[in-house]
Amino acid sequence: METAKQEIERLREELNAHNHRYYVLNEPSISDYDFDQMLKRLEQLEKEHPEYDDPYSPTHRVGSDLTKGFEQVPHVYPMLSLSNTYSIEEVDQWVERTERALAGQESEFVGEMKFDGTSISLIYEHGRLVRAVTRGDGEKGDVVTENIKTIKSIPLVLKPGNWPEMFELRGEVLLPWKEFDRLNAERAFNEEPLFANPRNAASGTLKMQDPREVARRGLDAYFYYLLGENLPCDTHYGNMMEVKKWGFKVPPQMTILHDLKEVDQYINYWDTARKELPVATDGLVFKVNSLRQQLNLGYTAKSPRWAIAYKFQAEQACTELRFVSFDVGRMGIITPVANLEPVLLSGTIVKRASMHNEDIMNELDIHEHDMLYVEKGGEIIPKIVGVDKSARKPGAQKVHFVTHCPACGTPLVRQEGEAAWMCPNKYGCPPQITGRVEHFVGRRMMNIDGIGEEMSEVLFEQGLVKNIADIYDLKREDLLRLERFGDKSADRIMAGIEASRSVPFERVLYALSIPLVGETTSKKIAKSAKSLDRLMAMSEEELCAIEDVGAIMARGIIEYFASPVNREIIERLRKAGLQFQIDEPDEGEMSDKLAGKTIVISGVFSKHSRDEYKKIIELNGGKNAGSISKKTSFVLAGENMGPAKYEKCQALGIPIINEDQFLEMLQ
Ligand code: IVH
């Protein structure tokens, strides 16, 4: 029989191996489900045996609750930058200069990608990650170890190998295009400011205070520089191949180049091929391969002489402005958008580019039918970077920001200190209303399947849904009367509405579209206020005491609940049976009714979640266990308890009780 300690060690080892196969090699050998089950089992065992806790366990990759400012430490070796150029000629000159300086010695170069993320320095001691530090000012940086631990392709414990006892590894933390697009789509939907490019997103994410949020963002990392004493190899390339064996991702495009011709070929090839890569790159880096030669070449004040960066030109196009339109968001914010003659840019056709706000639009000094420069450097969202004034049509008029809402005609307002113009007609402006309905029913909010952007508009136009509370008055017959609407679609929506009544309070709060209150903040507010009634009664001071809530947000919350329209909507939602308080036992419900009892939870529950039941058991003095044994006092069973568990209970004579009986027991 395997002891708990042995099982913990085995699971850690297996999970580390699967993480490496999945995140580094891209060759998973088990299903995500099986992986999750193993991870859950390990979590459970570690919880039952805190004596075997290990900060390097794969379970720690999901991030701890730790929130504190970042500590700063000096770098062991300063983090220098690279000298860079946009011209192939200058790269050629560097190659020739370097070869001359090496006075006829055989020399090799290594070509690799210049990743467009944020640099990181990792310190490993005895094969374990001890510290991760940002570049900072090059001399000292921020310690971001907890956040780095959430990046699954970074080994916390190295695979066996010839790694030095102590070394530093530098590389780039990146947000792959796919994750970047997902994050920005989510932010656009929540009307949060978008990240201009994956680099900003990666560096912003690395400096977040909540490692759980970092874990959610899907960062990745590539490594390109090994430092320390007793390195395994005397070449850069050789060392990187070792680093790869220890479990890290190294740039797969890394190639040994023998002469100028091969360097030029490498540039010509990657100038276009890099567009197919899953991560953002802004150039190439060439390095002298031999470490001895690197040492001979040495450094200037700012950068090594043994390396040079070749930067790609940002991609630009010039096209004619057709007209400027003004988008109205769910919070009433007006965004100026340049509608363009379609133009091909980095492989996609661009027809629209945001100009963000009035100030930016004025700075560009846009006139009718101007020829505009559109750029898509590291960015996915094209932006207007300038105007070809020499091509301006005679007599063309300057384009002004609108003074009235393009959707409802209401005069716009702009608060002092704010960049955005807003339409104040919150309850009468159609795109704001349908935008709020669309947000309300979204997957991460009330999750009402079947009502999306188009359906929100149809329901509004038909006079069926003029605010979020109207959703709960919808009848199946109303839906069936709509064009091209069948039984199935109607049933789906009705079922979604019904299920939304049990969506937890924190998501209801997020669904309400309270200004500036996003998903993470909603959770914090829900946890602190505990109920909507309590939240509605809170003063600005009390609100500001909640983590992440500042004075502007606090005022927004107070104003939101002060509005009679919102109050009426809230009362109707209350009557509809939405969750207006957190479903969590509070300290007052503690007892010792379960003292000495070891309880196993199995199946799916309807009154509380599994985690809540676990908490209830602990608060009442009981112990949670993962598997049924002779020591089990009883099994708390929900629906779908597994047949194997059922049989085991029968065999050992262990009582099975359902959730009603259990809750009664605690009354
Ligand atoms: S080598 C002594 N290799 O570019 C210089 N840097 O301007 C060691 N970067 O801060 C850096 N890809 O963040 C190196 N393949 C690569 C790189 C790379 C991106 C970044 C790095 C550094 C900056 C230098």
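Numbering of ligands and ligand atoms starts at 1, following listing order.
- In summary, the aromatic rings of F248 and F223 are positioned with their centroids under 6.0 Å apart.
- A perpendicular orientation is assigned to the rings of Y510 and H439, their planes being inclined by more than 60° (bins at 30° and 60°).
- No side-chain donor from either of H18 and E13 sits under 3.5 Å from a side-chain acceptor of the other.
- Proximity of the aromatic rings of Y225 and W306 is defined here by a centroid distance below 6.0 angstrom, and this criterion is met.
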Contact table ligand 1 N or O to protein N or O, d under 3.5 Å:
from: ligand 1; atom 1: 3 (N); to: E112; atom 2: OE2; distance (Å): 3.4
from: ligand 1; atom 1: 3 (N); to: K287; atom 2: NZ; distance (Å): 3.0
from: ligand 1; atom 1: 4 (O); to: K114; atom 2: NZ; distance (Å): 3.2
from: ligand 1; atom 1: 7 (O); to: L82; atom 2: N; distance (Å): 3.2
from: ligand 1; atom 1: 9 (N); to: Y224; atom 2: OH; distance (Å): 3.4
from: ligand 1; atom 1: 12 (N); to: F115; atom 2: N; distance (Å): 3.0
from: ligand 1; atom 1: 13 (O); to: S119; atom 2: OG; distance (Å): 3.3
from: ligand 1; atom 1: 13 (O); to: E172; atom 2: OE1; distance (Å): 2.6
from: ligand 1; atom 1: 13 (O); to: E172; atom 2: OE2; distance (Å): 3.4
from: ligand 1; atom 1: 13 (O); to: Y224; atom 2: OH; distance (Å): 3.1
from: ligand 1; atom 1: 15 (N); to: E112; atom 2: OE2; distance (Å): 2.9
from: ligand 1; atom 1: 15 (N); to: M113; atom 2: O; distance (Å): 2.9

### Task
List the steps and the verdict of ring-ring contact (aromatic ring centres under 6.0 Å, His included) for Y310 and W270.
CA-CA 11 Å; Y310 165 79; W270 284 111; over 10 Å; no
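- Using a cut-off of 4.0 Å between Lys/Arg side-chain N and Asp/Glu carboxylate O, E375 and K383 are scored as not salt-bridged.
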